[in-house]
Chemist: 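Here it is, the structure in full.
Proteins come first, then strands; the chains are lettered A, B, ... in the order of their sequence lines, and each starts at number 1.
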There are 2 protein chains.
Amino acid sequence: MAAREIDPRGAKPPFRQVAAILAAEIKTGALAPGSAVPSEKALSDRFGVARDTVRSALRVLREEGLVHTVPSRGTYVTTSAEAPDGEQ
Amino acid sequence: MAAREIDPRGAKPPFRQVAAILAAEIKTGALAPGSAVPSEKALSDRFGVARDTVRSALRVLREEGLVHTVPSRGTYVTTSAEAPDGEQ
DNA sequence: TTATATTTGTCCGTATGTATG
DNA sequence: ACATACATACGGACAAATATA
C-alpha cells in the first residue's frame, strides 16, 4: 500500500515536504509548464494537510519561480518564457 | 500596444477598476445622462472580466447614484432630474 | 399568437487573498 | 498547523421581463 506522503514528524516540516513533491512533479513534467496546479483544496485533500499548509508550500514554489499564482484564478506552472531569470 | 485596462493584480480589485473607468466616462460625458450603459455582457467582453465583476462595478455606480438599473431593460446614466440629492 | 433574442436577476460551484482564532 | 469566515473573482445555468420579427 501507499505510504503516507507527508510525515508530520519528519525532518522537514509538512509544507516543505509538499513543496518538494510538487517541485519534483514539475521537474519530471508530470505537471506541465503552463498547466494549472491542482487547487489548494485538491492538494489539501490529496496530502491530508490543511489548506494553509498547501499555501505555504505554494509560496515556496513561487519564490523559486516554479509557479505563479493569479488571485481568484489559480496557480500555474511557470513556463520558460515566463521565467525572469533565464530558461533553465 | 494597448494597455490592458484591467489589472487582476492591481492595487484596486477589478470591479473597482471597472467602476472607476465607467464613472470617468460618465463624468466626461462619453456616457451621456439618460443614455444606456452597455449591457453587462458587453462590458464583460470589453474589459475581459466575468459578468459577476461587471455587476459588482455597476452596483458601486448605483450606490453613487451615477446610474440606475431597470430589470430586463438595462442600466442608464442618471440625469440631474433623476438625482435624489439636489438637482445639479 | 408564437418564436427568438436580449438583458437583468438569481443561484450554484469553485478558486484565491486576507484575517481571525 | 489547523479551522473558519469573509471578500473577490470566474464560469455556468436558468428564470423572468422585454423587444422585435
Side-chain angles (χ1 to χ4, degrees), chain A residues 4-23 25-26 31-32 34-78 82, chain B residues 4-23 25-26 31-32 34-78 82:
Chain A
R4 207 186 257 40
E5 291 186 278
I6 306 303
D7 177 7
R9 291 183 198 63
K12 291 194 298 186
F15 82 92
R16 290 196 183 283
Q17 295 178 45
V18 171
I21 291 172
L22 293 178
E25 294 186 353
I26 290 174
L31 283 177
S35 69
V37 174
S39 73
E40 293 177 354
K41 183 189 184 319
L43 294 175
S44 171
D45 291 344
R46 168 183 165 189
F47 293 113
V49 298
R51 184 186 156 199
D52 187 72
T53 303
V54 169
R55 286 172 62 74
S56 295
L58 293 179
R59 176 178 50 71
V60 170
L61 298 182
R62 268 198 304 277
E63 291 170 349
E64 295 176 347
L66 289 176
V67 304
H68 55 103
T69 296
V70 180
S72 306
R73 296 291 298 152
T75 296
Y76 303 85
V77 180
T78 303
E82 294 166 331
Chain B
R4 206 182 260 46
E5 290 187 279
I6 305 303
D7 176 7
R9 289 197 198 70
K12 291 194 297 187
F15 83 94
R16 291 198 182 280
Q17 295 178 45
V18 171
I21 291 172
L22 293 178
E25 293 184 354
I26 290 173
L31 284 176
S35 70
V37 174
S39 73
E40 295 174 356
K41 183 189 183 318
L43 294 175
S44 171
D45 291 342
R46 169 184 166 189
F47 292 114
V49 299
R51 186 188 156 202
D52 183 75
T53 303
V54 169
R55 286 178 62 76
S56 293
L58 292 179
R59 175 178 51 72
V60 170
L61 298 182
R62 269 198 305 276
E63 290 170 350
E64 293 175 350
L66 290 176
V67 303
H68 55 102
T69 297
V70 181
S72 305
R73 290 283 298 145
T75 297
Y76 302 84
V77 180
T78 302
E82 294 165 331

Chemist: Counting only Watson-Crick or G-U wobble pairs whose two distances fall under 3.5 Å, which nucleotide matches D:dA1?
Modeler: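 When the pairing criteria are applied, nothing turns out to pair with D:dA1, so the answer is none.
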Chemist: When all nucleic acid strands are considered with a 4.0 Å heavy-atom cut-off, which category describes B:Thr69: base, sugar-phosphate, or nothing?
Modeler: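 The residue B:Thr69 makes sugar-phosphate contact but no base contact.
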Chemist: Whole angstrom is fine here: how far is it from CG in B:Asp52 over to C1' in D:dA13?
Modeler: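 Taking atom C1' of D:dA13 as the reference, CG of B:Asp52 is at 14 Å.
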Chemist: Can you list, in residue-number order, the parts of residues 9-18 of chain B that come under 4.0 Å of DNA chain D, counting heavy atoms only?
Modeler: B:Pro13, B:Pro14, B:Phe15
Chemist: With B:Thr78, which residues qualify under side chain to side chain contact (heavy atoms under 4.5 Å, CB included), at least two apart?
Modeler: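 B:Thr78 satisfies side chain to side chain contact (heavy atoms under 4.5 Å, CB included) with B:His68, B:Glu82 once adjacent residues are dropped.
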Chemist: Might you list the N or O atoms of the protein lying below 3.5 Å from N or O atoms in nucleotides 17-21 of chain D, with each pair's distance?
Modeler:
{"from": "D:dA17", "atom 1": "O4'", "to": "B:Ser72", "atom 2": "OG", "distance (Å)": "3.0"}
{"from": "D:dA17", "atom 1": "N3", "to": "B:Ser72", "atom 2": "OG", "distance (Å)": "3.4"}
{"from": "D:dA19", "atom 1": "OP1", "to": "B:Arg73", "atom 2": "NE", "distance (Å)": "3.4"}
{"from": "D:dA19", "atom 1": "OP1", "to": "B:Arg73", "atom 2": "NH1", "distance (Å)": "3.1"}

Chemist: Who pairs with B:Glu64 by side chain to side chain contact (heavy atoms under 4.5 Å, CB included), at least two apart in sequence or on another chain?
Modeler: B:Val60, B:Leu61, B:Leu66
Chemist: What residues form a side chain to side chain donor-acceptor pair (under 3.5 Å) with A:Ser56, not counting sequence neighbours?
Modeler: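 Partners of A:Ser56 under the side chain to side chain donor-acceptor pair (under 3.5 Å) test: none.
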Chemist: For B:Pro8 and B:Pro14, which heavy atoms make the closest approach, and how far apart are they?
Modeler: CA-CG, 4.2 Å
Chemist: Using side chain to side chain donor-acceptor pair (under 3.5 Å) as the criterion, list what pairs up with A:Arg73, not counting sequence neighbours.
Modeler: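 None.
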Chemist: What is the separation between atom CD1 on A:Ile6 and atom P on D:dC2, rounded to the nearest whole Å?
Modeler: 10 Å
Chemist: Walk along DNA chain C from 5' to 3' and tell me the first and last nucleotide with an atom closer than 4.0 Å to a non-hydrogen atom of chain B.
Modeler: C:dT7 to C:dT10
Chemist: The criterion is salt bridge (Lys or Arg N to Asp or Glu O under 4.0 Å); which residues satisfy it with B:Arg59, sequence neighbours excluded?
Modeler: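 Result, salt bridge (Lys or Arg N to Asp or Glu O under 4.0 Å) vs B:Arg59: B:Glu63.
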Chemist: Which whole-number value in Å describes the distance from B:Glu40 CD to D:dA13 P?
Modeler: 18 Å
Chemist: Please identify each residue that fulfils side chain to side chain donor-acceptor pair (under 3.5 Å) with A:Thr53, with sequence neighbours left out.
Modeler: none
Chemist: Output the rounded distance in Å from CZ (A:Arg51) to C1' (D:dC6).
Modeler: 11 Å
Chemist: Which residue pairs pass the side-chain hydrogen bond (donor to acceptor under 3.5 Å, both in side chains) test when at least one of the two sits in residues 34-44 of chain B, sequence neighbours left out?
Modeler: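 Output for this query lists B:Glu40-B:Arg51, B:Glu40-B:Arg55, B:Lys41-B:Asp45.
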Chemist: Only counting residues at least two apart or in another chain, list the ones meeting side chain to side chain donor-acceptor pair (under 3.5 Å) with A:Arg16.
Modeler: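 None.
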Chemist: To the nearest 0.5 Å, what is the distance between OG1 (B:Thr75) and CG (B:Leu31)?
Modeler: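 Between atom OG1 of B:Thr75 and atom CG of B:Leu31 there are 11.0 Å.
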Chemist: Applying side chain to side chain contact (heavy atoms under 4.5 Å, CB included), name anything that partners A:Pro71, two or more places apart in sequence or on another chain.
Modeler: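 Once residues adjacent in sequence are excluded, the partners of A:Pro71 under the side chain to side chain contact (heavy atoms under 4.5 Å, CB included) criterion are B:Arg9.
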